[in-house]
Amino acid sequence: ESFNNNEQETLIFNEDEMIIDINEELELIENLIKQHTIMTDKFDITVTNPPYMGNSRMNGILKEYIDKNYSDVKSDLFAVFIKKVINFNKKNGFIALVSPYVWWFIKSYEELRNYILNHLTFYNLIQLEYNAFEGATIPVGTFVLKNKIIPNYKMIGIKLSDFKGIENQPIKTLEAIKNLNCSWRFQAKQKDFEKIPGSPIAYWVSDKIREIFEKNQKLGDIGEAKSGLQTGNNEKFLRQWFEVSNKKIGYNIKNYEECKLKNYKWLPQVKGGGFRKWYGNLDYIVNYENEGEEIKNYEGTGMIKNSQFYFLEGLTWSHTTSGSFAIRYLPQGFLFNVEAPTLYKLPDNYYYLGLLNTKITDLLFGLLNESMHYLVGDIIKLPFIFLKKEIINFIVQQNISISKEEWDSRETSWDFEKLSLIDGKDLKSSFENYCNHWRDNFLQLHKNEEELNRLFIEIYDLQDEMDEKVAFDDITILKK
């Protein structure tokens, strides 16, 4: 009925072509029936590598369908397929998949984890090293689920994170299968996953670690972690402090009322930065004239949020990093960027800064989120024990002092005063004094960090889990 005249004329004078068209249509219909049968049947075993696509990259039709039918797993297409594949499977059947393993840990997949933990059994899994597949840009894991709950079943997990290189993955996997006692093979009851907030699939952790989460208060009970403003265009709204006149920068603003009264165009702002502990990464300013009027009116993704926390003292860290967690003391007088989430209103900033820069926090953070992003929703779930305040605070204040002195010794700091090399009778003695001074400071900071590790390992009773050692490379002064 929809053919135009030319198409009708072709059909009238070419019967062979009409027959071919009908055969093609019949073949298409047969394939659709076959596909329908596959999609509606139930299977004993389902094996697949689902497609990956973040929600922001989906077209309108797909996005609308997923929002309507799979709103609990809409973050990524692979999560939708996991839920769909479960529906393909018969009761007592097996499901074997390879997918990004982020869903085992991060908050946006918490509903998916809870669904699986409450309806299926994790039979086994392998967590591959970050770059396990040539050309792959995402960390993946493979896992098997059984489509029923098996009470008290102990799943097997193989953790290959420490074995770099594509060639090592099959070798170390087979070794773990054959050797029940190898150090990267673990067993866990999935009921125990619920003892850690968010129920991450933390199959390798000890009962002692789970107990720490289960029995202690969390940072979110005593403080608030917040994500900061988003300019929508950093090139337009951010500058380094030395790019504008100092007269236009509002240093040391105490509160929002003073900000409105003085109305400086530029205000200091933290925006994350490189791996650095204790103090530093304070070199940016943001255009906040008239309470950020230009950012608010900018046609982009600019957003002013959590402004009630602006200018408060806090503890700040870099949202995105490829290394260990590192957190810094934030003095009064700063705004904070979305890339510099910050903890506010803690009862004792020094004590919690000390805790958060230890190996214990690295361990605990890794259970809550194994991605390269340290989120506000994760840090508030970290458990704490408050003991030995005096000695810990003394050490932490010394660490801040050393790190601040080193930061301010550079001309790129707005608190820079003079080159320490000019202190001395002559250039040789000045240079020797300079080297001796910073060698001593570096070694003192290293000693302090190991002592903090030792103190907190003792407080958390984790002597069997880790030692206090800190590599020289992890001391974050004198890096430039």
Side-chain angles (χ1 to χ4, degrees), residues 28-29 31-43 46-89 95-120 130 133 135-143 145 147 198-201 226-234 295-306 319-320 337-339 341 368-378:
L28 175 60
I29 291 169
N31 287 333
L32 288 172
I33 292 170
K34 182 179 179 181
Q35 182 177 339
H36 172 77
T37 303
I38 293 171
M39 298 292 284
T40 55
D41 271 359
K42 296 283 186 179
F43 299 92
T46 312
V47 181
T48 189
N49 178 3
Y52 317 151
M53 180 185 290
N55 188 274
S56 62
R57 298 178 62 191
M58 297 177 188
N59 65 33
I61 297 172
L62 179 59
K63 191 180 178 85
E64 182 180 350
Y65 174 80
I66 288 174
D67 286 348
K68 181 178 179 181
N69 296 283
Y70 295 94
S71 60
D72 57 335
V73 289
K74 64 182 181 180
S75 296
D76 197 290
L77 193 58
F78 81 80
V80 176
F81 267 76
I82 292 174
K83 198 79 178 284
K84 189 70 176 174
V85 163
I86 293 170
N87 294 332
F88 289 164
N89 206 250
I95 300 159
L97 301 172
V98 57
S99 78
Y101 61 64
V102 291
W103 77 267
W104 299 351
F105 305 106
I106 68 175
K107 182 175 177 59
S108 54
Y109 297 102
E110 189 173 338
E111 286 190 61
L112 176 60
R113 286 197 299 276
N114 288 336
Y115 178 84
I116 287 175
L117 293 176
N118 289 324
H119 295 88
L120 295 91
Y130 203 90
F133 290 114
T137 57
I138 51 175
V140 297
T142 180
F143 56 96
L145 305 172
N147 199 2
S199 303
I201 312 304
K226 298 296 177 183
S227 179
L229 69 82
Q230 191 169 316
T231 68
N233 186 336
N234 283 348
I295 294 174
K296 292 175 184 176
N297 296 331
Y298 181 69
E299 294 181 1
T301 56
M303 187 185 306
I304 305 291
K305 58 181 179 179
N306 294 317
H319 172 275
T320 307
N337 186 279
V338 67
E339 283 294 327
L368 298 171
N369 186 346
E370 280 228 336
S371 74
M372 299 193 307
H373 304 286
Y374 293 106
L375 310 177
V376 294
D378 295 322

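Atom CD1 of I61 has 12 or fewer neighbouring heavy atoms from other residues, nucleotides or ligands inside a 6.0 Å radius.
Classified by interplanar angle (parallel below 30°, tilted 30° to 60°, perpendicular above 60°), the ring pair F143/W104 is perpendicular. Ring geometry for F88 against F43 counts as perpendicular: the plane angle is over 60°, on a 0 to 90° scale with 30° as the lower cut.
Annotation for V73 and K83: closest pair CG2-CB, 4.4 Å, computed over non-hydrogen atoms. Minimum interatomic distance between V98 and P50 (heavy atoms only, all atoms of both residues): O-CD, 3.2 Å. Of all heavy-atom pairs between Y298 and T231, the closest is CD2-O, 4.2 Å. Looking at every heavy atom in both residues, I82 comes nearest to S99 through CD1-OG, 4.3 Å. Taking both residues in full, the closest heavy atoms of Y115 and L120 are given as CE2-CD1, 4.3 Å, listed atom of the first, atom of the second, then distance. The two atoms that bring K296 and I304 nearest to each other are CG-CG1, 3.7 Å, heavy atoms only.
Counting heavy atoms from C-beta outward, N49 and L97 have side chains that stay 4.5 Å or more apart. Contact check for L375 versus H319: side-chain heavy atoms found under the 4.5 Å cut-off. The shortest distance between side-chain heavy atoms of K226 and V376 does not fall below 4.5 Å. The closest side-chain heavy-atom distance from D67 to K63 is below 4.5 Å. Side-chain contact check for R113 versus W103: some heavy-atom pair is nearer than 4.5 Å. At least one side-chain heavy atom of I201 sits under 4.5 Å from a side-chain heavy atom of L117. Side chains of M58 and L77 form a contact here, defined as non-hydrogen atoms less than 4.5 Å apart.
For F78 and Y109, the ring centers are positioned less than 6.0 Å apart.
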Run S75 and N55 through side chain to side chain donor-acceptor pair (under 3.5 Å) and show every step you take. CA-CA 5 Å; S75 296; N55 188 274; over 6 Å; no

